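What follows is one structure encoded as structure tokens, with my remarks underneath.
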Amino acid sequence: MRNSKISGLYRQSIPDRIKTLVDNGILKERDGAKLLAGTTVQSVAQADRMTENVVGVFGLPLGVAPHFLVNNRDHVVPMVVEEPSIIAGVSGAAKLIRTGGGFTVATDDSLLVGQIQMHDVDDPAAFIGKLDRAKAELQELANVIQPNLVKRGGGTKGIEVFQHSLPNGETIVVLHLLVDTCDAMGANVVNTICERLAPEIQRIAGGSIGLRILSNLADRAMVSARARVPLLELAEDAQAAAEIRDGIVRANQFALADPYRAATHNKGIMNGIDALAIATGNDWRAIAAGAHAYAARDGQYKSLTDWSVDDNGDLVGTLTLPLKPGTVGGSLQSNPGAHVGLALSGVETASELAELMAATGLAQNLAALRALTTSGIQKGHMALHARSVATSADIPNEYFDDIVTALIKSGEVKIWKAKELLTEFKARRPSNQSMAAAETARGCAAGKVILLGEHAVVYGRHALALPIEEAVVATVCDNSSQMWLAAPDWDISENWRAGDADQSGAATVVNLIVAELGATERNFSIEIASRVPLGMGLGSSASFAVAVIRAMANFMRLELDNDDVNRIALKCEEITHGTPSGVDNYLATFARPILFKAGGERSPEQINLTDIPPLVIAASGVYGNTKTLIDGVRQRYEVNKAQYAALFNNIDELTLMGATALAEGNYEKLGSAMNICQGLLNAIGVSTPELENMVAMARDAGALGAKLTGAGGGGSIVALCPGKVDEVSRTLAEAGYQIVFISE
């Protein structure tokens with residue numbers, strides 16, 4: 001069940017925010033993983049198909065505003081906007097309005113207007129009479145042009161005819177088509193109908209054809225939002241609350257009377273609506289044009305909102321404007337960010353999206369007016385501007401909040417001031433908090449890529465795996481007060497004390513390592529640099545454990561051999577994955593190509609290679625939870641033991657054959673084994689449509705073999721690409737996937 005009542009998002013790290021949204025039913029894990037991996041950003045190749053002369057993709061922040069209750073449904077509002085304070089203001093206003101029952105929003109018929117202009121009209125009255133008599137015929141012809149739209153319940157619902165006198169004295173006749181485009185934005189649909197119907201109008205009535213295009217004044221798709229804020233929610237003191245309420249009403253009255261004030265007033269409304277439109281792939285320019293045109297409908301540009309006081313003394317606001325967004329079609333299909341934006345919003349139809357847009361605009365207006373009538377607009381701006389400045393100054397996470405506070409207090413919210421404050425804070429902090437100034441030790445670990453044998457290895461069969469050398473590096477030093485861990489490549493920054501409850505998985509692993517090394521009375525600072533992404537089936541957790549074990553052992557001058565490191569790392573993997581096969585920790589420790597069999601009496605068989613196989617490893621951006629996937633296979637195995645045992649035996653035969661082919665450099669045979677193994681992994685339920693798509697793309701680009709690698713359910717693929725490494729890596733990168741590793 002969706003729950004948008006979320007507090008403290010701004011204090012969380014990005015991964016924690018995403019996890020909160022997933023936990024609250026706002027996002028599916030798949031979409032959360034895409035956000036975390038950055039695969040919601042459109043690739044240059046995708047952008048090149050959307051517009052002309054593309055040279056890159058321009059980025060803007062995507063944030064979320066919680067607390068929205070619209071027609072008794074919880075929503076989180078996705079907003080693409082760079083201006084500080086907008087998202088915070090919208091969230092705060094939605095929280096206030098929620099105390100009064102949330103937003104009530106209503107929509108009229110959702111119709112777009114298409115205009116067909118006719119000139120050279122000698123007798124306008126006769127011309128219009130012909131069109132009036134032909135309306136039914138023209139409407140039927142219009143619907144023949146778009147039969148699929150009619151099947152979905154849409155189509156041309158009416159025709160209107162108008163006569164205008166131009167400034168030069170010429171008379172024109174304009175026919176309006178009122179088109180229901182269902183859940184599509186509809187511009188292309190309406191333009192197509194107008195262009196194809198125009199010759200029929202000329203045939204019926206004569207004259208000459210002029211413009212044939214939709215209007216962005218969508219006043220046949222009106223939306224009205226209403227909100228109530230209980231008086232004492234504006235301030236604890238009744239008198240102060242009344243002053244804020246009355247100030248908001250006066251400010252709105254000012255915008256109704258003065259177009260100069262109305263322009264800024266309505267711009268604030270559109271700050272919210274446009275940000276949501278961009279986040280959901282809609283034409284924000286068309287939406288803004290229609291709103292501003294509607295604001296001037298009576299001949300004077302004025303406020304789109306109305307704030308007043310009800311009989312209980314509460315503040316009541318309404319916003320009415322034309323809105324015709326879409327949830328299907330057009331650029332939505334080619335923009336991966338739009339799909340995630342719609343998922344965040346929780347809307348199912350274009351009408352629901354229009355309602356959420358109206359609620360967002362009203363909330364933004366309340367936030368702006370409240371700020372203007374109390375502390376002024378700059379206070380909120382300054383707090384968020386300080387965070388932006390600290391980010392631009394590359395302030396480390398452990399100093400970030402303190403420096404933001406100090407920037408605001410200083411009144412000099414500038415990059416140079418942030419850097420000056422960083423120097424001061426570092427000087428005040430004990431030297432063991434700074435890795436650069438302390439005695440440090442390093443430890444390295446390999447990542448892994450499984451060529452053959454996933455999941456079957458858990459049931460006593462073989463796995464063929466290769467190392468990704470020096471995938472993770474850990475640097476360790478003493479810390480006098482607490483444990484501190486930073487892994488910028490994984491967006492992890494946290495600190496804790498021994499015995500703290502609710503520690504993260506990473507902290508639990510570090511605590512185990514500290515206990516195994518007999519250092520429970522000490523604290524450490526740990527920095528991680530990684531070449532492999534987190535949770536993508538490439539052994540990141542085992543690599544993390546091995547690198548930290550080695551770094552701590554080196555720092556403490558302990559003599560650990562690889563068997564000791566591997567033993568401790570396996571315990572760490574049991575925390576992370578439950579019942580791991582042991583492949584990951586072995587590869588992370590020994591960094592050798594191996595043929596591995598879990599539980600075997602002999603050590604894994606090392607494979608000596610004369611050449612490194614030409615591989616491309618690409619991450620899907622979708623996290624696959626190894627423990628969940630292993631448990632799922634086990635459940636299915638228990639139900640169909642004979643069938644699964646046969647599948648595992650087939651995978652084992654392919655693995656043994658592939659190991660021989662790899663040692664001999666027979667890439668055609670190895671690639672064939674990989675392709676067959678992918679089919680078997682799909683059969684046991686660990687592949688996904690996204691992985692299947694990546695595999696197909698790699699094969700189409702020339703890979704001899706391609707398959708998922710690791711537990712599946714997301715994660716990564718590995719492709720064997722002799723002579724085609726560039727083609728395969730480019731194809732996957734242009735499709736938006738992260739290229740993790742290339743060998744030739």
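Residue numbers start at 1 and run along the sequence shown. The structure presented is a predicted model; accordingly, all values stated were derived computationally and were not measured. Keep in mind that the numbers below use all heavy atoms, side chains included, and drop hydrogens, waters and symmetry copies.
- Between the NZ atom of Lys267 and the CG atom of Asp274 there is a distance of 9.5 Å, given to the nearest 0.5 Å.
- Scanning both residues, Gly290 and Pro322, for their nearest heavy atoms gives O-CG, 3.6 Å.
- Comment: Arg203 engages Glu137 in a salt bridge, judged by a side-chain N to carboxylate O separation of less than 4.0 angstrom.
- Pro325 and Leu353 get closest at one heavy-atom pair: CB-CD2, 3.9 Å.
- Panel note: side chain Lys324, backbone Leu217; no donor-acceptor pair is recorded below 3.5 Å.
- Residues Asp31 and Leu21 have side chains not in contact (no heavy-atom distance under 4.5 Å, counting atoms from C-beta outward).
- Looking only at distances, a side-chain donor or acceptor of His75 sits under 3.5 Å from a matching main-chain atom of Ser345.
- Only one option out of Val77, Thr280, Val64, Leu276 pairs with Leu344 in a side chain to side chain contact (heavy atoms under 4.5 Å, CB included); it is Val64.
- Counting non-hydrogen atoms of neighbouring residues, nucleotides and ligands closer than 6.0 angstrom, the CD atom of Glu29 reaches no more than 12 such neighbours.
- Across all their heavy atoms, Leu177 and Thr156 have their closest contact at CD2-CG2, 4.2 Å.
- Between Asp246 and Val309 there is a side-chain heavy-atom pair separated by less than 4.5 Å.
- Between Val161 and Phe127, the closest side-chain pair of non-hydrogen atoms is not below 4.5 Å.
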Side chain to side chain contact (heavy atoms under 4.5 Å, CB included) assessment of Thr104 paired with Asn71: CA-CA 5 Å; Thr104 302; Asn71 293 339; 4.1 Å; yes
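- Heavy-atom neighbours of Asn53 CG from other residues, nucleotides or ligands within 6.0 Å: at or below the threshold of 12.
- Here the side chains of Leu323 and Ile273 are in contact, with some heavy-atom distance below 4.5 Å.
- Considering Val70, Leu342, Asp183 as possible partners of Val347, the one that fulfils the side chain to side chain contact (heavy atoms under 4.5 Å, CB included) test is Leu342.
- Residues Arg228 and Asp314 are paired through a salt bridge, judged by an N-O separation under 4.0 Å between the basic side chain and the carboxylate.
- Rounded to the nearest 0.5 Å, atoms CD1 (Ile204) and NZ (Lys135) are 12.5 Å apart.
- Under a 3.5 Å cut-off, the side chain of Asn3 and the backbone N or O of Lys5 do form a donor-acceptor pair.
- Judged by distance alone, the side chain of Gln202 and the main-chain N or O of Gly207 form a donor-acceptor pair under 3.5 Å.
- Arg98 places no side-chain N or O within donor-acceptor distance of the main-chain N or O of Lys95, the cut-off being under 3.5 Å.
- Residue Lys19 places its NZ atom among 12 or fewer non-hydrogen atoms of other residues, nucleotides or ligands, all under 6.0 Å distant.
- Pairing each heavy atom of Glu690 with each of Val622, the nearest pair is OE1-CG2, 3.5 Å.
- Residue Asn252 comes nearest to Ser303 through the heavy atom pair OD1-OG, 3.6 Å, listed as atom of the first residue, atom of the second, then distance.
- Trp284 has its side chain out of reach of Met270: every pair of non-hydrogen atoms, C-beta onward, lies at least 4.5 Å apart.
- Taken to the nearest 0.5 Å, the OG1 atom of Thr181 stands 9.5 Å off from the CE atom of Met185.
- At most 12 heavy atoms of other shown residues, nucleotides or ligands fall within 6.0 angstrom of atom NZ in Lys28.
- Side chain of Asn365 to backbone of Ile269: no donor-acceptor contact under 3.5 angstrom is found.
- There is a side-chain donor-acceptor pair under 3.5 Å between Thr305 and His265.
- A heavy-atom distance below 4.5 Å is found between the side chains of Leu256 and Asp306.
- No donor-acceptor pair under 3.5 Å is formed between the side chain of Asn24 and the backbone N or O of Ile26.
- Glu82 places no side-chain N or O within donor-acceptor distance of the main-chain N or O of Gly59, the cut-off being under 3.5 Å.
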Verdict with reasoning, Arg245 to Trp307, per side chain to side chain contact (heavy atoms under 4.5 Å, CB included): CA-CA 9 Å; Arg245 177 201 62 195; Trp307 289 95; over 6 Å; no
Worked verdict on Arg2 versus Glu348 for salt bridge (Lys or Arg N to Asp or Glu O under 4.0 Å): CA-CA 13 Å; Arg2 295 176 65 89; Glu348 297 179 359; over 6 Å; no
Trace of the side chain to side chain contact (heavy atoms under 4.5 Å, CB included) decision for Val90 with Met79: CA-CA 10 Å; Val90 164; Met79 304 181 76; 4.0 Å; yes
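- To the nearest 0.5 Å, atom CG of residue Leu178 and atom CD1 of residue Ile159 are 8.5 Å apart.
- Using modelled atom types, one side-chain atom of Arg212 and one backbone atom of Gly210 make a donor-acceptor pair closer than 3.5 Å.
- Side chains of Ile213 and Cys194 form no contact here, defined as non-hydrogen atoms less than 4.5 Å apart.
- Taking OG1 of Thr373 as the start and CD1 of Ile244 as the end, the distance is 6.5 Å to the nearest 0.5 Å.
- Looking at Glu355 and Arg73, no side-chain N of the basic residue comes within less than 4.0 Å of a carboxylate O on the acidic one, giving no salt bridge.
- In summary, Arg220 and Asp180 do not engage in a salt bridge, as defined by a charged side-chain N under 4.0 Å from a carboxylate O.
- In plain terms, the two heavy atoms of Ala241 and Leu234 that are nearest each other are O-CD1, 3.9 Å.
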Evaluation steps, side chain to side chain contact (heavy atoms under 4.5 Å, CB included), between Ile201 and Ile209: CA-CA 9 Å; Ile201 293 173; Ile209 300 170; over 6 Å; no
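- Counted within 6.0 Å of CD1 on Ile14, heavy atoms from surrounding residues, nucleotides or ligands total 12 or fewer; the atom is thus considered open.
- In this structure, CG in Asp123 is found 8.5 Å from NZ in Lys130, a value given to the nearest 0.5 Å.
- Aromatic ring pairs are classed by plane angle as parallel below 30°, tilted from 30° to 60° and perpendicular above 60°; the pair Phe103 and Phe68 is parallel.
- Side-chain contact between Leu175 and Met118 is absent, with no heavy atoms from C-beta onward closer than 4.5 Å.
- When atom types are taken as modelled, the side chain of Asn282 and the backbone of Gly326 share a donor-acceptor pair closer than 3.5 angstrom.
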